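Letters A, B, ... mirror the listed sequences (proteins, then strands); counts begin at 1. Here the structure is a predicted model, which means the values were calculated and not measured.
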Amino acid sequence: MTGYIFSLDGTALLRACPGGVAQGLIWGIMALGVFMTFRMLNFADLTVDGSFATGGAVCIMLIMKGCNPEVALIVSFAAGLSAGLATGLLHTLFGIPDILAGILTQLGLWSVNLKLLGGKSNQAINVNLVTLHITSNARYLSRTIIIMVVFCAILISILYWYLGTEQGSAIRATGINPKMSRAQGINTDGMKVLALALSNGMVALAGGILAQFQGFADANMGRGAIVIGLAAVIIGEVIGESIFKKGMSFILRLGFVVVGGVIYYLVYVLVLWLKFPANDMKLLTAIVVAAFLAVPYLKEKKKNSFHKVARENKKSGIISGKGEE
Amino acid sequence: MLEVIDIHKTFNPGTINEKVALNGVSFTLNDGDFCTVIGGNGAGKSTIMNAICGVWPVDSGAIVIDGNDVSGLSEHERAPFLGRVFQDPMIGTAADMQIDENMALAARRGEQRTLRWGVTAAEREQYKEILKTLDLGLEERLTAKVGLLSGGQRQALTLLMATMKRPKLLLLDEHTAALDPKTAAKVLETTDKIVKQHNLTTMMVTHNMRDAIAHGNRLIMMNEGRIVIDVKGEEKAKLTVEDLLHKFEEVAGRDSVSDRMVLS
């Protein structure tokens, strides 16, 4: 035990933090996409595991072909749009249940992604040959973080504006009450497709940025992305609500989605530093997300349970002669 | 004006659950008519409402609103013509959105949802004025989430939302059935006021004979997917609960009068 503690190097943790922050910001963008479907549309969209890798693959392959990295990101976004479109159409046009529609697109994208990557499971760019503004190169890491913070702020502002427009309101109404939305003339199927496309666009954009950051794209880079996205959304909500209580405005809610992503990656860095095997991270993430999803349910149940009534009746002696002394 | 022409609808055809819900329903409402629809459970009252709203396509027949054949339009495509209030107060509004946001959604019924602001400052002032007419103090709670309101408040708000953009036809589907008697009376009073104010063509489904008689200038009674009684004008004005019960027993048989219709 003492040996283990002495083997931990505090400065190594500090050195790893900026990388964690940068990755967290990138996943924060991905989480904003998840927020759009999971929280606004009430649709757990599993497409993202595929579209995240699609975004990465498109970006890396285009850069390898000499495309400007920023232009490549726009194409990544467009690729994500079409992935979301596919899920949306499977769901609305063919009546396939939401989760299954996402899984089908995700599975199909696996083959598409491998094709994009030229039949290999991963492709790397020669980072010495292209100028990347977003890079994990330690020398430029602080610049990368600044760029990402600014980019996240811009994206949050755009999302805040969009969800406040007539169209954004219609998307939110569709998620909350589809029957009422149709009665108010909202094309609920259209809104679902639109939101799914935009959400996957953001997810693929994040995939493209991550690929640039690490210098390669991998067919597996999106595995479990939905859970990481949910983790960021939920961690952000829990922390935001504990700080601002009920006064949390919508723009803060969006901001805390990204904060949730950063915190998730800082915890990730910490856990790795504590010498947890990297392969266990997915299990750990799944447990954390399950716990956070379970807490509000269990809290409600504790307030409102048969067991509690039975216990209290026993205690109070409301049934004559059966009470405790 | 509403024309309903020989509507048929059978649910689950060819199965043991087959149910002929509408069996040749035809009627015409003139502009400004306020028609109450009454009938026992399963008579087809709510079904005819859903047929008009386009919740599902009819098997045969036509629905013409203000000269437009809407039979082939989906639910949201017909919405521009219709104002709707549902039986369940939770259905008419979006709980997790603010009062002003809900009203703004209704104000844009039938319009393209663009990238303009969802609610403007000018609209908020206008909504405050409209809300004052309800006399529920909602004008002070414009930014409150609708989920915080009581069932009666939500139903009153839904009624405003259904009528703020003048519908060709106002459809009220047992919209007071889920409320306590006092609140129900208040919502009905508001309904009468709004309908009169804008001279709206209205259909109101109710299971309450007294309400059906007290409101509107026309009364339709349904049984087994058909219209069995249709009274209007002078005759409707003189109608009593006893008359109605008697008439209904005549056409539908003694057993078909449900307790719910008589007692409430």
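- Salt bridge status for B/Lys132 with B/Glu129: present, with a side-chain N to carboxylate O gap under 4.0 Å.
- Interface with chain A: from residues 92-112 of chain B, residues B/Gly92, B/Thr93, B/Ala94, B/Ala95, B/Asp96, B/Met97, B/Glu101, B/Asn102, B/Leu105, B/Ala106, B/Arg108, B/Arg109, B/Gly110, B/Gln112 qualify, criterion being any non-hydrogen pair under 4.5 Å.
- Side chain of B/His175 to main chain of B/Gln87: no donor-acceptor pair is present (N/O by atom type, distance under 3.5 Å, no hydrogens or angles).
- Both the backbone and the side chain of B/Arg116 come within contact range of chain A, each with at least one heavy atom under 4.5 Å from a heavy atom of that chain.
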Would B/Asn208 and B/Thr206 count as a side chain to side chain donor-acceptor pair (under 3.5 Å) here? Give the steps. CA-CA 5 Å; B/Asn208 185 317; B/Thr206 173; 5.4 Å; no
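- For A/Asp45 and A/Thr47, the side-chain atoms include at least one donor-acceptor pair closer than 3.5 Å.
- Judged by distance alone, the side chains of A/Ser51 and A/Asn200 do bring a donor and an acceptor atom under 3.5 Å apart.
- Tested against A/Thr105 for a side chain to side chain contact (heavy atoms under 4.5 Å, CB included), the candidates A/Leu100, A/Leu85, A/Leu90, A/Leu89 yield a single pass: A/Leu90.
- Of the listed residues (B/Thr114, B/Leu82, B/Ile91), the one with the most heavy-atom contacts under 4.5 Å to chain A is B/Thr114.
- Between the A/Asn68 side chain and the A/Val71 main chain, a donor and an acceptor come within less than 3.5 Å of each other.
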